[in-house]
Trainee: 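To start, I am sharing the structure in question, which I have written as structure tokens.
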Amino acid sequence: MVSIELPSLRERPEDIPLLVPALLGKIARRIHKPQPQLTEQAMKTLQGYSWPGNVRELENLLTQSLVRCRGSAITPDLLTLPRKSRGSAAVDTTEQVKKSLDQVEEEQIRLVLDHTGGHKGKSCAILGISRPALDRKISKYAITL
């Protein structure tokens, strides 16, 4: 067995400009949207973040940003990084940390449903869940379409 040591993303911010286009392409194909570009300032924002969730966190952030993106470029305002990571070490992220998994899931489902105009099929494709699973979650969170 061969073991390969790969430093975490926070230790190699220079890799982010290489990862972002590949991840955006993958995400854009999955959610059937054109692949946007990332503005220079947005890239600097990504490179300035510590990435405790590593590449998975980056992919999730890009997915959320692409869902909200209405133009051809992802700008810093579309990046929903915890405030502390945006350069203000004094900002408390307690409220973000206190969110339950259910709260985060509900927010994401609402965001995707809003993006698709309530189209359940498209929402299922973006969320990576089945139609019955989406219907259960809509009922669970009392989401009205």
Side-chain angles (χ1 to χ4, degrees), residues 6-145:
L6 185 62
S8 67
L9 193 54
R10 80 177 62 83
E11 295 174 33
R12 48 191 177 94
E14 67 278 359
D15 287 357
I16 292 173
L18 303 172
L19 288 169
V20 167
L23 290 171
L24 279 176
K26 173 182 157 186
I27 297 162
R29 284 187 300 278
R30 187 174 73 223
I31 66 172
H32 309 289
K33 275 190 87 169
Q35 181 176 342
Q37 299 298 311
L38 207 68
T39 65
E40 187 176 328
Q41 188 57 41
M43 184 64 74
K44 287 179 182 177
T45 300
L46 294 179
Q47 288 181 291
Y49 182 56
S50 65
W51 298 108
N54 221 340
V55 177
R56 285 186 189 159
E57 184 181 10
L58 175 60
E59 185 171 2
N60 286 337
L61 175 76
L62 291 173
T63 300
Q64 292 171 10
S65 300
L66 185 52
V67 166
R68 285 192 305 274
C69 184
R70 299 290 183 232
S72 61
I74 293 177
T75 55
D77 62 304
L78 294 174
L79 302 173
T80 54
L81 292 168
R83 293 178 201 206
K84 187 174 181 179
S85 69
R86 290 184 179 157
S88 174
V91 174
D92 184 16
T93 58
T94 304
E95 290 306 311
Q96 195 68 5
V97 171
K98 286 183 179 179
K99 282 186 178 180
S100 71
L101 186 55
D102 279 346
Q103 288 171 311
V104 173
E105 181 179 60
E106 179 183 358
E107 286 176 12
Q108 185 67 15
I109 290 169
R110 286 181 185 277
L111 177 71
V112 171
L113 284 167
D114 180 56
H115 168 73
T116 64
H119 191 284
K120 290 182 180 180
K122 289 178 182 177
S123 296
C124 288
I126 292 169
L127 294 166
I129 60 175
S130 69
R131 178 71 174 262
L134 179 61
D135 287 335
R136 283 191 302 274
K137 291 174 188 303
I138 287 172
S139 177
K140 176 181 178 179
Y141 300 123
I143 297 172
T144 54
L145 301 175

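Just so you know, these numbers use all the heavy atoms, side chains as well, and skip hydrogens, waters and symmetry mates.
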Trainee: Distance check, rounded to the nearest 0.5 Å: E40 atom CD versus T45 atom OG1?
Mentor: 11.0 Å
Trainee: Hey, is CZ on R56 packed in by over 12 heavy atoms from elsewhere, all under 6.0 Å?
Mentor: no
Trainee: Quick one: CD on Q37 to CE on M43, what's the gap to the nearest 0.5 Å?
Mentor: 9.0 Å
Trainee: Looking at every heavy atom in both S123 and T116, which two are closest together, and how far apart are they?
Mentor: OG-OG1, 2.8 Å
Trainee: Rounded to the nearest 0.5 Å, how far apart are CD1 of I16 and CG of L58?
Mentor: 6.5 Å
Trainee: Within the side chain of S65, is there an N or O that forms a donor-acceptor pair under 3.5 Å with the backbone of L78?
Mentor: yes
Trainee: Is a donor on one side and an acceptor on the other found under 3.5 Å between the side chain of W51 and the backbone of L46?
Mentor: yes
Trainee: As a quick check of understanding, evaluate side-chain contact (heavy atoms from CB on, under 4.5 Å) for E105 and I109, giving each step before the final call.
Mentor: CA-CA 6 Å; E105 181 179 60; I109 290 169; 3.7 Å; yes
Trainee: Any sub-3.5 Å donor-acceptor pair from S139's side-chain atoms to D135's backbone N or O?
Mentor: no
Trainee: Minimum heavy-atom separation for E11 to P7, with atom names?
Mentor: OE1-CB, 3.5 Å
Trainee: Starting at SG of C124, measure out to NE2 of H119 and round the result to the nearest 0.5 Å.
Mentor: 9.5 Å
Trainee: So, K33 side chain and C69 main chain: donor-acceptor pair closer than 3.5 Å or not?
Mentor: yes
Trainee: Tell me whether E107 at atom CD has more than 12 heavy atoms from other residues, nucleotides or ligands lying less than 6.0 Å away.
Mentor: yes
Trainee: Give the minimum heavy-atom separation between A42 and L79, together with the two atoms involved.
Mentor: O-CD1, 3.6 Å
Trainee: Taking all non-hydrogen atoms of both residues, which atom of G118 and which atom of L145 are closest, and how far apart?
Mentor: O-CD1, 4.2 Å
Trainee: Give, for atom CG of L9 and atom CD of E57, the distance between the pair rounded to the nearest 0.5 Å.
Mentor: 9.0 Å
Trainee: State whether the side chain of R131 and the backbone N or O of K120 hold a donor-acceptor pair below 3.5 Å, judged by distance alone.
Mentor: no
Trainee: Does any part of the side chain of L127, heavy atoms only, come nearer than 4.5 Å to the side chain of K137, both counted from C-beta?
Mentor: no
Trainee: Got more than 12 heavy atoms from elsewhere within 6.0 Å of CD, E14?
Mentor: yes
Trainee: Kindly list each side-chain donor-acceptor pair under 3.5 angstrom involving residues 17-30, sequence neighbours excluded, with atom names and distances?
Mentor:
residue, atom, partner, partner atom, Å
K26, NZ, E59, OE2, 3.0
R29, NH1, G25, O, 3.2
R30, NH2, T63, OG1, 3.4

Trainee: Which distance, rounded to the nearest 0.5 Å, do you find between the CD1 of I138 and the CD1 of I143?
Mentor: 6.0 Å
